Amino acid sequence: MTHGTDQPYDQHAAAAALHTARDAQAAARSAQRTPRGYVIAQGVACAVEFGAFGLAARYERWSGPLLALGIAGCVAFMALMWAGVRHSGSVPWPRREGRPAWRVLVPPAATIAAGGLAAVPYGLPGALVVFGVVCAVDLGRRVIRTEHA
């Protein structure tokens with residue numbers, strides 16, 4: 001018997017391919033979810049990072065320690081992102097499951113807009129602080145709205 005070519009079926013190769021496909025399905029079904037604590041900690045690290053950078057530009061006397069705190073927040077955020085990706089086994093992409101595009105696009109756009117609006121009266125320091133806080137609130141909102149992160 002052939003499969004659309006002049007080559008006959010190899011039963012052993014077909015069985016091995018089927019076994020590999022079933023293993024892949026089982027692995028996909030058992031993928032671990034990122035714990036909520038990771039997402040909450042990412043929000044806190046983001047707020048600390050951008051808040052410290054914004055305040056460092058505003059308060060020159062404390063700029064050294066604030067910049068160090070901002071860098072520590074950045075490192076913590078990146079470490080938490082890496083740990084979350086490693087824990088879940090994949091890069092966490094937004095779940096679209098039939099949701100309208102505006103529900104996926106509005107929260108990040110609102111975060112950027114809030115930072116931009118804060119720049120008008122408070123300049124770059126205010127924009128950074130507001131952006132960090134709104135990012136943390138958005139990550140917290142995501143945790144509250146879903147049963148998993």
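Bear in mind the structure is a predicted one, so any value in this text is a computation, not a measurement. These values consider heavy atoms only, across backbone and side chains, with no hydrogens, waters or symmetry-generated copies.
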Cluster link Leu128 to Leu69, ILVMFWY, side chain under 4.5 Å: no
Where Val134 and Ala114 come nearest, the two heavy atoms and their spacing: CG2-CB, 4.0 Å
Would a hydrophobic clustering, with Ile, Leu, Val, Met, Phe, Trp and Tyr connected at side-chain separations under 4.5 Å, put Val75 with Leu55? no
For Val130 and Ala118, work out which heavy atoms get closest and say how close. CG2-CB, 3.5 Å
Do Val48 and Trp62 share a hydrophobic cluster, counting only Ile, Leu, Val, Met, Phe, Trp and Tyr and linking them when any side-chain heavy atoms are less than 4.5 Å apart? no
Over all heavy atoms of both residues, which pair between Gly70 and Glu49 is shortest? Give the atoms and the distance, please. O-CG, 3.6 Å
Note, Phe50 side chain near Val129 side chain (heavy atom, < 4.5 Å): no
What are the two closest non-hydrogen atoms of Ala136 and Gly43, and how far apart are they? CB-O, 3.1 Å
Between Leu139 and Gln42, which heavy-atom pair has the shortest distance, and what is it? CD1-C, 3.9 Å
Hey, quick one: are Leu80 and Val137 part of the same hydrophobic cluster, counting side-chain heavy atoms closer than 4.5 Å, chains of contacts allowed? no
Decide side chain to side chain contact (heavy atoms under 4.5 Å, CB included) for Phe53 and Leu66; before the verdict, give the C-alpha distance in whole Å, the side-chain angles of both, and the deciding distance to 0.1 Å. CA-CA 7 Å; Phe53 286 148; Leu66 286 169; over 6 Å; no
Which pair of non-hydrogen atoms, one from Ala56 and one from Ser63, has the smallest distance, and what is that distance? O-CB, 3.6 Å
Do Tyr122 and Leu117 land in one hydrophobic cluster if side-chain heavy atoms of ILVMFWY residues count as linked below 4.5 Å? no
